[in-house]
Every structure is written in structure tokens, then in C-alpha cells.
Enquirer: 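Please read through the structure below; I'll follow up with questions.
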Amino acid sequence: MTVKAGIIQMDIAFGDPEANRAHATKKIEEAASNGSEIIVLPELWTTGYDLSRFDELAESMEGPTHQLLMNLSSKHKVTILGSIAESEEGRFYNTFVAYNSAGERIAKYRKAHLFRLMNEEKHLHSGDQKGNFELNGVPAAGVICYDIRFPEWMRTHMLNGSRALFVVAEWPKPRVDHWRNLLISRAIENQCFVIASNRVGSDPANTFGGHSLIVDPWGNVVAEGSGDEEILYGEVDFTDVEAIRKQIPIFQDRRPDLYE
């Protein structure tokens, strides 16, 4: 199964959901018109890291951002993924969502590892569920930014046979080499495609690195973004995963009895 992915590497207007939804809509429509079947937005693409105002900015799972993604995914017959600021019962979360080509929400994952360097733990609650979902019959998983520094969490998501790891991020420019190396490592050690969107631009405290990536299960870079706004395109053949896992059967050769 080969699909065309479009990664939206965008700047984000700090604390302005309306402007960001309008900007993302144009990018989504451009990516869809260029044949993308999967479209990936970055982390917190509606708000950026304006965490201290999440009481004003965060929304429910039925809010305007979800209505927009539901409508755009069904209109253009594409799958759209990204993370948003979620509010539930007075608590706030950084939540990964995915909508399929019928406009149905097929994934909801609340970021498990909160990033202290950007004060997430002061404003957000962490999730305690995995980000696994099915993408047109293909097992996949979605995680958020800092999560990729925890290889045991990535492996946990791969043990159900997931063939793709989607990563959405606001990864700062000074550590963009870490971003790149970690994503390639996660692809190799889990023998899966890694499809990752990172934002560009700046907020009041950070400059972000871009370099969104599509990495194949051998660790080869299929496509890589620059440090500027763009839509990155690449083809992903999920059948490659099965062949590589048969060639080097790391999942069969695991010794979980030794890992505790």
C-alpha cells in the first residue's frame, strides 16, 4: 500500500487560533490538490506554546478546530493529523488527533511526556493512553515531540505491528540535530516509517527548527524539509515494513524476560 504524504511545515501565530486555522486550511487544500492522501500538521498548530492562556484558547473535542478537520478531511478525502490544545473539565492537554477521509476521528492521544524546558508540566496534564490507531487498515501510531526521546515508549507503540510512527512537534532550532538523529534511530530500531512534522518560525521564547522528515524502515531519509515554511511531499509504501521485518526479525528475537 503506497500513499503520498504531505507534511505541512508552518509558522504558527502565537495564541491566535483563528489566524492559524485560516493559514492551515490554505495549506491543507494545497497539499490535497497536489495528491496528498495523508496530511500532517505540527504540534499545537492552532495556538503555539501560549500555555498560560490555555484557559481561553483550549477547546473541547467538539470545538471549532475539530469541526474544521472533520470537514476538510471528508471534503478532500484525505487523512489529517496534528496536535491541538484540548480542554476537558478544567484540565488542559496537548492532544494528537487524526481524522480519516470520511471525516471520522480515528485517533486521540494526550501527550504522555511533558517537556519541562517549555513549562508544559506547569500548565498541562499528561495522558496515560497509547497513540495507536488504524490508518485505512494499516496499524499506526501518533506521538508528540518530546515523546521521541523515550525509546521504550516508541517500542510499546510498535509491538502491535504498527508500520508507521507519526510525530508532530515544535522542536527548537538549537537541538534540531537531535530531532533528526532521534527520528532516524526510531525508524531503524522499530523497522517502521517515521513521518514527522516540525514547525518553523519563532514565539516569544523560542525559534523552531523545521526539518520535517519522512524516514523509511532502513533509516533512509525519503524527504526532508528546510528551515522555512513549506509543504514536504513523499511516497510511503507500507508493504516495505513487512519485508524488512522478515529479513531482520527483531520483534521475534526480542527477550522481554530480560528487559525488566
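As the structure is a prediction and not an experimental result, all values here were calculated from the model. Count residues from 1 along the sequence.
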Enquirer: If I compare all heavy atoms of Ala112 with all of Asp147, which pair ends up nearest, and what's the gap?
Expert: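 Distance-wise, the nearest heavy atoms are N-OD1, 3.9 Å.
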
Enquirer: Within a strict 4.5 Å, meaning less than it, do heavy atoms of the Asn34 and Ile231 side chains meet?
Expert: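 Asn34 vs Ile231: side chains apart.
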
Enquirer: Can you confirm whether Ile7 sits close enough to Ile195 that some side-chain heavy atom of one is under 4.5 Å from a side-chain heavy atom of the other?
Expert: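 Contact flag for Ile7/Ile195 side chains = yes.
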
Enquirer: Residues in side-chain hydrogen bond (donor to acceptor under 3.5 Å, both in side chains) with Arg110, at least two apart?
Expert: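 Counting only residues at least two positions away or on another chain, Arg110 forms a side-chain hydrogen bond (donor to acceptor under 3.5 Å, both in side chains) with Glu86, Glu88.
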
Enquirer: Are Leu81 and Met10 connected in the hydrophobic side-chain network, where two residues link if heavy atoms are under 4.5 Å apart?
Expert: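 No, it is not one cluster - the side chains of Leu81 and Met10 are not joined through contacts under 4.5 Å.
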
Enquirer: Which pairs with one or both residues in residues 112-133 pass salt bridge (Lys or Arg N to Asp or Glu O under 4.0 Å), sequence neighbours excluded?
Expert: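 Only Lys111-Glu120 qualify under salt bridge (Lys or Arg N to Asp or Glu O under 4.0 Å).
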
Enquirer: Would Tyr49 and Asn206 count as a side-chain hydrogen bond (donor to acceptor under 3.5 Å, both in side chains) here? Give the steps.
Expert: CA-CA 10 Å; Tyr49 264 83; Asn206 303 279; over 6 Å; no

Enquirer: Could you walk me through whether Glu230 and Lys27 satisfy the salt bridge (Lys or Arg N to Asp or Glu O under 4.0 Å) test, starting with their C-alpha distance in whole Å, then the side-chain angles of each, then the deciding distance to 0.1 Å, before giving a yes or no?
Expert: CA-CA 9 Å; Glu230 63 179 301; Lys27 297 291 187 182; over 6 Å; no

Enquirer: For Glu62 and Arg105, what are the C-alpha separation, side-chain angles and deciding distance, and is it a side-chain contact (heavy atoms from CB on, under 4.5 Å)?
Expert: CA-CA 11 Å; Glu62 307 306 324; Arg105 188 167 61 236; 3.6 Å; yes

Enquirer: Testing the 3.5 Å rule here: is there a donor-acceptor pair between the side chains of Asn94 and Ser83?
Expert: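 Yes, Ser83 and Asn94 have a side-chain donor paired with an acceptor closer than 3.5 Å.
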
Enquirer: Answer yes if Ile38 and Val194 sit in the same cluster of Ile, Leu, Val, Met, Phe, Trp and Tyr residues linked by side chain heavy atoms under 4.5 Å apart, and no otherwise.
Expert: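 Yes, Ile38 and Val194 fall within the same hydrophobic cluster.
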
Enquirer: Restricting to pairs with a member in residues 197-213, which pass salt bridge (Lys or Arg N to Asp or Glu O under 4.0 Å), not counting sequence neighbours?
Expert: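 Non-adjacent pairs meeting salt bridge (Lys or Arg N to Asp or Glu O under 4.0 Å): Asp11-Arg199, Glu170-Arg199.
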
Enquirer: Do the side chains of Pro151 and Arg186 get nearer than 4.5 Å, heavy atoms only?
Expert: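 Yes; the side chains approach each other to less than 4.5 Å.
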
Enquirer: Report yes if some heavy atom in the side chain of Glu29 is under 4.5 Å from a heavy atom in the side chain of Lys75; otherwise report no.
Expert: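 A side-chain contact under 4.5 Å exists here.
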
Enquirer: Hydrophobic side-chain clustering at under 4.5 Å (ILVMFWY, transitive links): who's grouped with Val200? Put none if nobody.
Expert: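 Members other than Val200 - counting any ILVMFWY side chain reachable under 4.5 Å - there are none.
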
Enquirer: For Met70, is there any backbone N or O sitting under 3.5 Å from a side-chain donor or acceptor partner on Ser74?
Expert: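 Flag set: sc Ser74 to bb Met70 pair under 3.5 Å.
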
Enquirer: Applying ring-ring contact (aromatic ring centres under 6.0 Å, His included) as the test, list every pair that has at least one member in residues 164-218; sequence neighbours left out.
Expert: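 Residue pairs with at least one partner in residues 164-218: Trp171-Trp179.
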
Enquirer: Are Val167 and Val97 co-members of a hydrophobic cluster defined by side-chain heavy atoms under 4.5 Å apart?
Expert: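 Per the 4.5 Å side-chain linkage, Val97 and Val167 are not co-clustered.
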
Enquirer: Does any N or O in the side chain of Gln252 come within less than 3.5 Å of the main-chain N or O of Arg245, such that one atom is a donor and the other an acceptor?
Expert: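 Flag not set: sc Gln252 to bb Arg245 has no pair under 3.5 Å.
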
Enquirer: In chain order, what residues pass the ring-ring contact (aromatic ring centres under 6.0 Å, His included) check against Phe251, with sequence neighbours excluded?
Expert: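 ring-ring contact (aromatic ring centres under 6.0 Å, His included) check on Phe251 returns nothing, list empty.
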
Enquirer: What verdict does the side-chain hydrogen bond (donor to acceptor under 3.5 Å, both in side chains) test give for Ser212 and Gln9, after you've listed the backbone C-alpha separation in whole Å, the side-chain angles of each residue and the deciding distance to 0.1 Å?
Expert: CA-CA 7 Å; Ser212 300; Gln9 184 171 280; 2.9 Å; yes

Enquirer: Please report the shortest heavy-atom distance between Pro217 and Ile244, naming the atom on each side.
Expert: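 Of all heavy-atom pairs spanning Pro217 and Ile244, the closest is CB-CD1, 3.6 Å.
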
Enquirer: Looking only at heavy atoms, what is the nearest atom pair of Cys192 and Ala164, with distance?
Expert: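 Reported closest heavy-atom pair: CB-N, 4.3 Å.
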
Enquirer: Given side chains that start at C-beta, do those of Ile80 and Leu41 come closer than 4.5 Å, heavy atoms only?
Expert: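 When only atoms from C-beta onward are counted, Leu41 and Ile80 do touch, with a gap below 4.5 Å.
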
Enquirer: Answer yes or no: is there an ion pair linking Asp50 with Arg53, defined by an N-O contact shorter than 4.0 Å?
Expert: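 Yes, Asp50 and Arg53 are salt-bridged.
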
Enquirer: Distance only, no hydrogens: is a donor on one side chain within 3.5 Å (strictly under) of an acceptor on the other, for Glu59 and Thr65?
Expert: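 Indeed, the side chains of Glu59 and Thr65 share at least one donor-acceptor pair under 3.5 Å.
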
Enquirer: Is there a path of hydrophobic side-chain contacts, each under 4.5 Å between heavy atoms of I/L/V/M/F/W/Y residues, joining Val176 to Val215?
Expert: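 Yes, it is one cluster - the side chains of Val215 and Val176 are joined through contacts under 4.5 Å.
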
Enquirer: Mind jotting down which residue pairs meet the salt bridge (Lys or Arg N to Asp or Glu O under 4.0 Å) criterion with at least one end in residues 151-166? Sequence neighbours excluded, please.
Expert: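 Sorted result for residues 151-166: Arg163-Glu242.
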
Enquirer: If you compare all heavy atoms of Tyr233 against all heavy atoms of Lys4, which two are closest, and at what distance to 0.1 Å?
Expert: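 Of all heavy-atom pairs spanning Tyr233 and Lys4, the closest is CD2-CE, 3.6 Å.
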
Enquirer: Mind listing the closest non-hydrogen atom pair of Ala31 and Ile39 along with its distance?
Expert: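 What the structure gives for the nearest pair is CB-CD1, 3.8 Å.
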
Enquirer: Would Leu72 and Thr25 count as a side-chain contact (heavy atoms from CB on, under 4.5 Å) here? Give the steps.
Expert: CA-CA 8 Å; Leu72 287 172; Thr25 296; 3.9 Å; yes

Enquirer: Taking atom types as modelled, find out whether Thr47 and Asn20 have a side-chain donor-acceptor pair closer than 3.5 angstrom.
Expert: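 No - no donor-acceptor pair under 3.5 Å links their side chains.
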
Enquirer: Please assess Gln129 against Lys108 for the test side-chain contact (heavy atoms from CB on, under 4.5 Å), listing each intermediate value before the final yes or no.
Expert: CA-CA 9 Å; Gln129 301 293 320; Lys108 174 188 170 183; over 6 Å; no

Enquirer: Only counting residues at least two apart or in another chain, list the ones meeting side-chain hydrogen bond (donor to acceptor under 3.5 Å, both in side chains) with Ser101.
Expert: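 side-chain hydrogen bond (donor to acceptor under 3.5 Å, both in side chains) check on Ser101 returns nothing, list empty.
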
Enquirer: To check you understand the geometry: which heavy-atom pair defines the closest contact between Gly131 and His157, and what is its length?
Expert: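 Nearest pair, atom of Gly131 first, then His157: N-NE2, 2.8 Å.
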
Enquirer: For Trp153, what residues pass the side-chain hydrogen bond (donor to acceptor under 3.5 Å, both in side chains) criterion, not counting sequence neighbours?
Expert: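 Applying side-chain hydrogen bond (donor to acceptor under 3.5 Å, both in side chains) to Trp153 gives Tyr109.
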
Enquirer: With a 3.5 Å cut-off and sequence neighbours excluded, list the donor-acceptor pairs that the side chains of residues 135-145 form with protein atoms.
Expert:
none

Enquirer: Assess the residue pair Asn100 and Ser73 against the criterion (side-chain hydrogen bond (donor to acceptor under 3.5 Å, both in side chains)); give the C-alpha distance rounded to whole Å, side-chain angles, the decisive distance to 0.1 Å, and a yes or no.
Expert: CA-CA 6 Å; Asn100 67 15; Ser73 58; 5.8 Å; no

Enquirer: Would you indicate whether the side-chain heavy atoms of Pro42 and Asn198 approach each other to under 4.5 Å?
Expert: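 Contact flag for Asn198/Pro42 side chains = no.
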
Enquirer: Quick one: side-chain hydrogen bond (donor to acceptor under 3.5 Å, both in side chains) partners of Glu37, sequence neighbours excluded?
Expert: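 So Glu37 forms no side-chain hydrogen bond (donor to acceptor under 3.5 Å, both in side chains) with any residue.
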
Enquirer: Taking a hydrophobic cluster as the set of Ile, Leu, Val, Met, Phe, Trp and Tyr residues connected by side-chain heavy atoms closer than 4.5 Å, whether directly or through intermediates, do Ile84 and Phe92 fall within one such cluster?
Expert: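 Looking at the clustering, Phe92 is in a separate group from Ile84.
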
Enquirer: Are Phe54 and Ser87 close enough that some pair of their side-chain heavy atoms sits under 4.5 Å apart?
Expert: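 No, every pair of side-chain atoms sits at 4.5 Å or beyond.
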
Enquirer: Walk me through whether Met154 and Arg149 qualify under side-chain contact (heavy atoms from CB on, under 4.5 Å).
Expert: CA-CA 9 Å; Met154 303 301 95; Arg149 288 190 180 272; over 6 Å; no

Enquirer: Would you indicate whether the side-chain heavy atoms of Val221 and Ile214 approach each other to under 4.5 Å?
Expert: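 Heavy-atom side-chain distance check fails, nothing below 4.5 Å.
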
Enquirer: Go through the structure and list residues passing ring-ring contact (aromatic ring centres under 6.0 Å, His included) with Tyr146, not counting sequence neighbours.
Expert: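 Residues passing ring-ring contact (aromatic ring centres under 6.0 Å, His included) with Tyr146: Phe115, Phe150.
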
